[in-house]
Structures are given as structure tokens and as C-alpha cells.
Amino acid sequence: MRFTAWQHEKDVTTISISEASQHENQPVELHGWLYNLRKSGKIVFPILRDGTGLMQCVAVKANLPEQVFESLKGATQESSLIVRGTVRKEPRAPGGYELDVTDAQIVQRVPEEHPYPITPKDHGVDFLMDHRHLWLRSRRQHAAIRVRHEIIRGIRDYFDSHGFTLVDTPIFTPAACEGTTTLFEVDYFDDEKVYLTQSGQLYNEANAMAFGKVYCFGPTFRAEKSKTRRHLTEFWMVEPEMAWADLEEVKRVAEELVVSLVQRVLENRKEELKTLERDTSKLEKVASPFPRMSYDEAVKILQSKGSEIQWGGDFGNTDETLLTQDFDRPVIVDRFPTEIKAFYFQTDPQRPEVALGVDFIAPEGYGEIIGGGQRIHDLALLETRLQEHNLPREAFEWYLDLRRFGSVPHGGFGMGVERFVAWMCGLEHVRETIPYPRMLYRTRP
RNA sequence: UCCUCAGUAGCUCAACGGUAGAGCAUUCGGCUGUUAACCGAAGGGUUGUAGGUUCGAAUCCUACCUGAGGAGCCA
């Protein structure tokens, strides 16, 4: 590629656009892609994109060799190029700095017979999703993925600095964690049916008995026929699990995690939130303590607001929105009916009809972002639950072992990364919070 | 799986029973401060597919395909 023919000048530093402010009035070299181009006769304004930001360049015909000026003037959207010039403070330019071009080379020119498909105008969802590999270059998508990165870093930092050990759980699993209707079957292993994990939960419990406090963080898979703005078939979930923890401790840790993540995004991703036009005043109100209520209370509140819900039923999406509409921070609901919760939840010793499970429901209609609770530590109770749920005991022998060899009260939760990112970014749909979303009718690119 | 809505130029849309149109993108021309730049011109169409109704269908009817939103289920 002609890139190699580009003469390096030793007094010119190659910088990224995000570093421009530190190089005011200095000659620099930028490597990037043409985001947009405006031209006006003998002056052209190429806007360069390099993954760290946007830089408006100014190329004046009179100051440049003919060939350089003409190549910039005829450059097409998303062509890759190298530009050399002097950084100058310029209030008129987006970003506050501008580059006075002294030299430029197009590395690969996008041919006009196949122009870059995503223009600076409006596009539909279907078209953009078909071009997801290119759509990621757009400002809003770029910003959302950077917020995602910040949240993932924040999750790791939080657990790593609070005594948790990362102990990842397998993706191929032989049995269901919860139901059996939402599993992806993998037809490969000779001796038995294997499925893609829908939760690392059961393994996490074993890990917690080995390490005390653990978390796993990876993709999970749900074969649900869900077609809504809150669902992906492949999504990322972080699941901490703690030995010697009860329901209150689970709630405390989850709340502390949420607060730390919101703070971190607000501090480190201001620019991205601005690009996304996120109303950050709503996020600034997310502080401890979060409102807490029992399932019983939640049902009463919902009924008073006109919901059809009866005690024993699960919340629908409209119920979640109703429940959170009077609050500016996530609502913590606990003690759900035992019947609607997974088999492994500890029941309330005073009220066996309710399980020590907890959900965090995000405000602004973003729904359930965290689900967790205290697990059964009593062998006899767990055996009973397995029977009640018609689960094959043999497959759970190892899980029962955890109650035979030094059982302790323990608990944890799972947090869906994409829903959290959607909430932080104020996005309509979780598909924009993951680089390549996998959904019911979309597996490409 | 069910319910609702939508498929017209590369893209976003208009035309709603009577000759298929605009903006953006692309090409050519003009412009030394543009901010989704602007001005002028050109090329670009089997109206998702298959039937049907009609003198005449992008438009009305039927089936199918594709997509979107929602329900249930869930993070």
C-alpha cells in the first residue's frame, strides 16, 4: 500500500485527535478517515475521524501543491487518509481545534461507483442494522460503545477492589439453570445434550464456596421468542456471588455497584453522553439510598395505580414503568412469591410463601437491570425444590454437594450489561449497546 | 407463538384508482470560512413476491416473504 511510500518527517509527531489540545501551534500528523467534506472553490474543509474524535482540517489551494489540493477536493466519504498540518485553536470548528493542512495523502479512496452507504442524513433501522459493521463509525454508535466500555471497566474495577475473584463459568452447560424452554441446544458432544449457558449462577455458588466472593462475566444466551427493545438473544451479564451473605448484603452490594457505575460514567464519559443527548440531570440523582419495598407493597401500589396485577403474578413491562415513575432512582423490590421464582431461592423463614429474591428496576422505563437474592443453603429444602420442579436429581448431585460439605448462607445477583448501558445512554433499544446484536430475526453481520 | 404496523431510486420519504416525484448520495460546473454548507445541471425505477378485481393498480382484495413495535417470558 502507498502508506509505506509516505515520507516520515522527524520533526512531525503523529498524534490522535483527542491529543490535539496538547499540540497547539505544532506540526502534527493525523491518520484517519474522511468523516465529511465541505468545499468552496479554492478552500476545502475535510473533517477527519480517527476513532478518538473529529478534527476539521482546512486545505487552502494557494498553500498546497496542486496534486494534494485536488486529491483532498475529490476525496470521498470514509476514504482513509494521512494529513499533516499545524494545530490551531479555532472556536468555529467542532472540537475547538483545527488543522491547517500542509500535506495529505489518500491511503485508500472509496470509489464513487460504490460510495459509503451511510450518509449524514436519516436512515431506517433495517438499513443501519444491515450495515452495523459500518454504522459503528457513526458518532452516536461510537459514543454508546465507549460508554459500554466504561461500564465494563467500572464493573471489573468495582469487584476487583472489593475482594471478589473473577472465576468464569462455562458457556457449554449440561443442564438448565432455570427453565428448560429458553435454552440453545448444541448438537456436538457425543454422550449428552449440551446447551449454551443462560446463567453462571449454579457454578458461581460452587466458586463462592471455594473463594468466598466471586464474579463471572461473560455472554449468556436465551432462546426466548422475545421481540422487544429490551431483549437480545446473546447478551452480557455480570454475576457476583458471595458466601456468608444474606439478602440484605446482596441488596447493599448491588446498590453500591449501581451508584459507582453511574458516577463513573458521568465523570469519564461526559462527551459521549453529550453526543447521545442524554439528560444527565436524571443520572445525577441516582444516589443511595434507593427506594425499597416488598413485593406485597409493590402489588398494592400497582393496584392503586390501576394495574390488573394480583398477588402471585409477575410484573409486566407496564407494571415496571408504573412502579418506578414516582422515583428518580432504581427501585428495589424483594420477597417475591416462591412460586414464580427459580428453584434455588431461599424462602423467608417467617413466610415460606415468599422467596428471598430481589429485583432492581431502573427508572425511565428501562426495566429490570438486576435480579438476584439469597440461595438455599439447607440440603433438605433444596432436595424438595428439585422434586417440586421435576428436575433430574442426578444432574444436580454436584450442586447438592455444596450443601453437604460446609453449607453457608450465600447469595448474589446478575446484572444485564446492555440494559444498564441503554439506561445510561438513554437509548430506545438495547441493540445499540452491543457492537453486533444477536436478535430473533437478526444474526448478521 | 399471537396481535398491530410498514415494504416505491443507493438512502429517507411523497404520490392513495388515471403519464412514478422530491431531498440526500453519485457525476459535471460554480463559489476562500463551511457547520447535515450552498447554487445550477445530469444519470438513476419490473413500486417486496405471486395471484385476483378493474377499461386502467404503487394505490383495492387474497396469500406468501421481509422488517419494525408490542404481548407472553426475561437481564
Side-chain angles (χ1 to χ4, degrees), chain A residues 35-47 54 56-64 69 73-74 76-78 88 90-95 98 100 110-131 134-135 138-139 177-183 198-201 219-239 254 313-320 340-342 359-362 366-372 413-423 428-431 433-434 439-442:
Chain A
Y35 188 75
N36 196 8
L37 180 77
R38 284 183 287 270
K39 50 190 168 186
S40 177
K42 298 183 179 65
I43 184 168
V44 298
F45 299 94
I47 296 178
L54 295 177
Q56 175 161 287
C57 306
V58 188
V60 178
K61 187 172 185 176
N63 304 343
L64 288 170
F69 182 78
K73 191 178 168 186
T76 43
Q77 195 189 354
E78 286 300 323
R88 178 169 44 76
E90 173 55 72
R92 285 176 292 188
E98 213 171 59
D100 286 318
V110 175
E112 46 275 299
E113 55 272 20
H114 292 292
Y116 186 70
I118 302 176
T119 67
K121 289 273 179 179
D122 292 334
H123 298 282
V125 172
D126 190 32
F127 178 80
L128 289 169
M129 289 305 302
D130 284 344
H131 294 85
L134 303 176
W135 191 21
S138 301
R139 288 179 70 191
C177 285
E178 313 196 9
T180 47
T181 53
T182 62
L183 289 164
Q198 57 178 352
S199 166
Q201 154 78 44
T220 54
F221 307 88
R222 306 268 169 104
E224 290 156 0
K225 300 289 183 198
S226 302
K227 222 172 117 50
T228 81
R229 65 185 66 187
R230 301 177 310 283
H231 286 89
L232 296 168
T233 50
E234 174 185 319
F235 67 97
W236 283 66
M237 185 158 69
V238 60
E239 295 175 277
D314 220 339
F315 302 144
N317 183 242
T318 45
D319 290 326
E320 288 182 348
I340 60 170
K341 282 288 169 185
D359 283 357
F360 278 46
I361 306 167
Y366 285 96
E368 188 185 339
I369 49 168
I370 284 176
F413 62 89
M415 186 178 86
V417 169
E418 287 75 18
R419 284 192 186 171
F420 197 94
V421 177
W423 173 38
E428 275 294 299
H429 199 300
V430 290
R431 66 184 157 222
T433 65
I434 186 166
M439 294 175 293
L440 196 49
Y441 297 116
R442 196 172 283 282

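- Nucleotides B/G29 and B/U46 place their C1' atoms 34 Å apart, quoted to the nearest Å.
- You'll find a donor-acceptor pair under 3.5 Å spanning the side chain of A/Q56 and the base of B/U34, going by distance alone.
- Side chain of A/Y116 to backbone of A/L134: a donor-acceptor contact under 3.5 angstrom is found.
- Taking every side-chain heavy atom of A/D122 into account, B/A36 is the closest of B/A25, B/A36, B/G33.
- Pair assignment for B/U66: B/A6, on the basis of Watson-Crick or G-U wobble contacts that are both within less than 3.5 Å.
- Of the possible polar contacts, one joining the A/E239 side chain to the A/G200 backbone as a donor-acceptor pair under 3.5 Å is found.
- If you check every strand for non-hydrogen atoms under 4.0 Å, A/Q77 touches nothing.
- Although no hydrogens or angles enter the test, the distance criterion places no donor-acceptor pair under 3.5 Å between the side chain of A/T233 and the main chain of A/L440.
- A distance of about 31 Å separates the C1' atoms of B/A42 and B/A57, rounded to the whole Å.
- Under a 3.5 Å cut-off, the side chain of A/T228 and the backbone N or O of A/R230 do form a donor-acceptor pair.
- Regarding A/F127, its CZ atom lies at a distance of 14 Å from the P atom of B/A25, rounded to whole Å.
- Comparing the C1' positions of B/C38 and B/G44 gives a spacing of 23 Å, expressed to the nearest Å.
- Distance, A/R92 CZ to B/U32 C1': 11 Å, rounded to whole Å.
- Comparing B/A20 with B/U4, their C1' atoms sit 29 Å apart, to the nearest whole Å.
- Between the A/R222 side chain and the A/Q198 main chain, a donor and an acceptor come within less than 3.5 Å of each other.
- Using C1' as the reference atom, B/A63 and B/G45 are 26 Å apart when rounded to the nearest Å.
- Within the 4.0 angstrom heavy-atom criterion, base atoms lie near A/F45.
- For B/G18 and B/U59, the P atoms lie 11 Å apart once the distance is rounded to whole Å.
- Residue-level contact check: A/I47 touches neither bases nor backbone, having no heavy atom under 4.0 Å from any strand.
- Using a distance-only test at 3.5 Å, with no hydrogens or angles considered, a donor-acceptor pair links the side chain of A/E418 to the main chain of A/W236.
- You'll find a donor-acceptor pair under 3.5 Å spanning the side chain of A/E98 and the base of B/G33, going by distance alone.
- Residue contacts shown for A/E428 are absent, as no nucleic acid heavy atom lies under 4.0 Å away.
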Do any N or O atoms of the protein come closer than 3.5 Å to N or O atoms of nucleotides 68-72 of chain B, and which pairs are they?
unit_1: B/A68; atom_1: OP2; unit_2: A/K227; atom_2: NZ; d: 3.2
unit_1: B/G69; atom_1: OP1; unit_2: A/H429; atom_2: NE2; d: 3.2
unit_1: B/G69; atom_1: OP1; unit_2: A/R431; atom_2: NH1; d: 2.8
unit_1: B/G69; atom_1: OP1; unit_2: A/R431; atom_2: NH2; d: 3.2
unit_1: B/G69; atom_1: O3'; unit_2: A/R229; atom_2: NH2; d: 3.2
unit_1: B/G70; atom_1: OP1; unit_2: A/R229; atom_2: NE; d: 2.2
unit_1: B/G70; atom_1: OP1; unit_2: A/R229; atom_2: NH2; d: 2.9
unit_1: B/G70; atom_1: OP2; unit_2: A/R229; atom_2: N; d: 2.8
unit_1: B/G70; atom_1: N7; unit_2: A/K227; atom_2: O; d: 3.1
unit_1: B/A71; atom_1: N6; unit_2: A/K225; atom_2: O; d: 3.2
unit_1: B/G72; atom_1: O6; unit_2: A/S226; atom_2: OG; d: 3.2
unit_1: B/G72; atom_1: N1; unit_2: A/K225; atom_2: O; d: 3.1

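- Note: A/H123 and A/F127 have parallel aromatic rings, judged against thresholds of 30 and 60 degrees for the angle between ring planes.
- Remark: the A/R419 side chain and the B/C74 base include a donor-acceptor N/O pair separated by less than 3.5 Å.
- To the nearest whole angstrom, the two C1' atoms, one in B/G48 and one in B/U8, are 10 Å apart.
- Backbone-only contact: A/N36 has heavy atoms under 4.0 Å from sugar-phosphate atoms and none from a base.
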